[in-house]
Protein chains: 2
Amino acid sequence: MPRGDGKGPPGWKGRFRGCGHRFTIPRQAIIETLEKTSEHLSAEDIYLKVHKQYPNIGLTTVYRTLEVLAQMRLVFKFDFGDGRARYELSHSDSKKDHHHHLVCTSCNRIIDYTDFIDEEVELLNKTEKALSKKFNFKISNHLIQFYGLCEKCKKTAGPLGG
Amino acid sequence: MPRGDGKGPPGWKGRFRGCGHRFTIPRQAIIETLEKTSEHLSAEDIYLKVHKQYPNIGLTTVYRTLEVLAQMRLVFKFDFGDGRARYELSHSDSKKDHHHHLVCTSCNRIIDYTDFIDEEVELLNKTEKALSKKFNFKISNHLIQFYGLCEKCKKTAGPLGG
DNA sequence: CTTGATAATGACAACCATTATCATTAACCC
DNA sequence: GGGTTAATGATAATGGTTGTCATTATCAAG
């Protein structure tokens, strides 16, 4: 029987150790926060949530942990254009969680969608293979976002829609 | 015979006036710089290029002009993860210039590709229509980027490839 | 379990791209 | 040309992110 990390799904500690990193309480807390949410949290969002349970954990540590997680490709860093980065767990093991984003350029609302993902991913995989070959480029991730106006902002926006 | 803007392709002045903006020398110079380059220029890059011919034009004006152009959807603002935004003319009128990006997460090199664009765009249009309907969302743009390691960085990078 | 090497932490300061301010200038309509 | 007013440019301010460094905690070895 394989041992877990004490808390949360097993494997986190192993993943950290496998990359030469230590698995600490702050890192555990940050991952748990990411696992619990369905929102697109900024570093400060995460800091505030973590801070409730562990008031000693600092914002700097949140940034550093997110950087490590991004390097390990366990979280993906998004830019939705509001001046701060947002972070999501990658869920690379379960395809069902894969989604893309609609970004409202007026109110910055983000809508996740999973519809049409299968068809998109199929084409993406094909494209990735071809691009990898042509440019000798090792593709490890992709980003797809649609920009526009959400339901609410469509009504109030002028002709420019901005 | 339609009158142009004095310099550059006709239509720029009209587009500005049509949105209630004035067409000034700094704006003209910034657009010309964007038209001349095939690179992905940051605000400072543009400022430095414009500065050679018009030393009086300030960085603030570059930012403001880019914001106006982005609002008018004549330029697209990219984030390639290096901490500064990059800007490209939209070329929305000629499909042939449409391209997507490969982003090297190690050296931040950007590769444009136009291959497979047709197939991608076809699926994207289909997806856009369906998403617009489902979420009552007015889509006006999309962003597609692939992340990974370029030819050079593949060789030198470790197992993590970061 | 204790210990030691060292990675990770946290408080703070520094950084730097971007934005706000405001007096001055210049575009554009008449 | 002249007046209105948006646009400009110098400067300061903002704020997300990163660097510094003394202290702490992880984890492998004994």
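Protein chains get the first letters and strands the later ones, always in sequence-line order, with residue 1 at the start of each.
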**OP:** Starting at atom CD1 of I57(B), determine the distance to atom C1' of dT25(C), rounded to an integer number of angstrom.
**Re:** 14 Å

Original post:
How many Å lie between CD on Q28(B) and P on dA7(D), as a whole number?
Top reply: 15 Å

Under 3.5 Å, which N/O atoms of the protein pair with N/O atoms of nucleotides 16-19 of chain D?
unit_1	atom_1	unit_2	atom_2	d
dG16(D)	OP1	R84(A)	NH2	2.9
dT17(D)	OP1	A85(A)	N	2.9
dT17(D)	OP2	Y63(A)	OH	2.4
dT17(D)	O5'	Y63(A)	OH	3.3

Subject >> Polar side-chain atom of R86(A) near backbone of L41(A) as donor-acceptor pair, under 3.5 Å >> reply: no

Subject >> Straight-line distance of D79(B) CG to D79(A) CG, nearest 0.5 Å >> reply: 4.0 Å

Original post:
Between the side chains of H100(B) and H142(B), does any donor sit under 3.5 Å from an acceptor?
Top reply: yes

Original post:
Can you tell me how far P of dA17(C) sits from CG of L66(B), to the nearest Å?
Top reply: 15 Å

Original post:
How long is the line joining CG of N56(B) and P of dT24(C), in whole Å?
Top reply: 17 Å

Subject >> Test item: side-chain donor near acceptor, Y63(A) and E44(A), under 3.5 Å >> reply: no

**OP:** Please report, rounded to the nearest Å, how far the P atom of dA17(C) is from the CD1 atom of I46(B).
**Re:** 14 Å

Original post:
Taking atom C1' of dC12(C) as reference, at what distance in whole Å does atom OH of Y47(A) sit?
Top reply: 13 Å

Original post:
Using a distance-only test with no angle check, is there a side-chain donor-acceptor pair under 3.5 angstrom linking E88(B) and H99(B)?
Top reply: yes

Nucleotides 27-30 of chain D: which of its N/O atoms have a protein N/O under 3.5 Å away?
unit_1	atom_1	unit_2	atom_2	d
dC27(D)	OP1	F23(A)	N	3.1

Original post:
Can you find a side-chain donor-acceptor pair between E32(B) and W12(B) that sits under 3.5 Å?
Top reply: no

**OP:** Calculate the interatomic distance between Y54(B) atom OH and dT25(C) atom C1'; express it in whole Å.
**Re:** 17 Å

Original post:
salt bridge (Lys or Arg N to Asp or Glu O under 4.0 Å): which pairs involve residues 101-119 of chain B, sequence neighbours left out?
Top reply: K126(A)-E119(B), K134(A)-D115(B)

Subject >> F146(A) ring center within less than 6.0 Å of H101(A) ring center >> reply: no

Original post:
What integer distance in Å separates L69(B):CG from dA7(D):P?
Top reply: 12 Å

Original post:
Should we say atom CD1 of I25(B) is surrounded by more than 12 heavy atoms from elsewhere, each under 6.0 Å from it?
Top reply: no

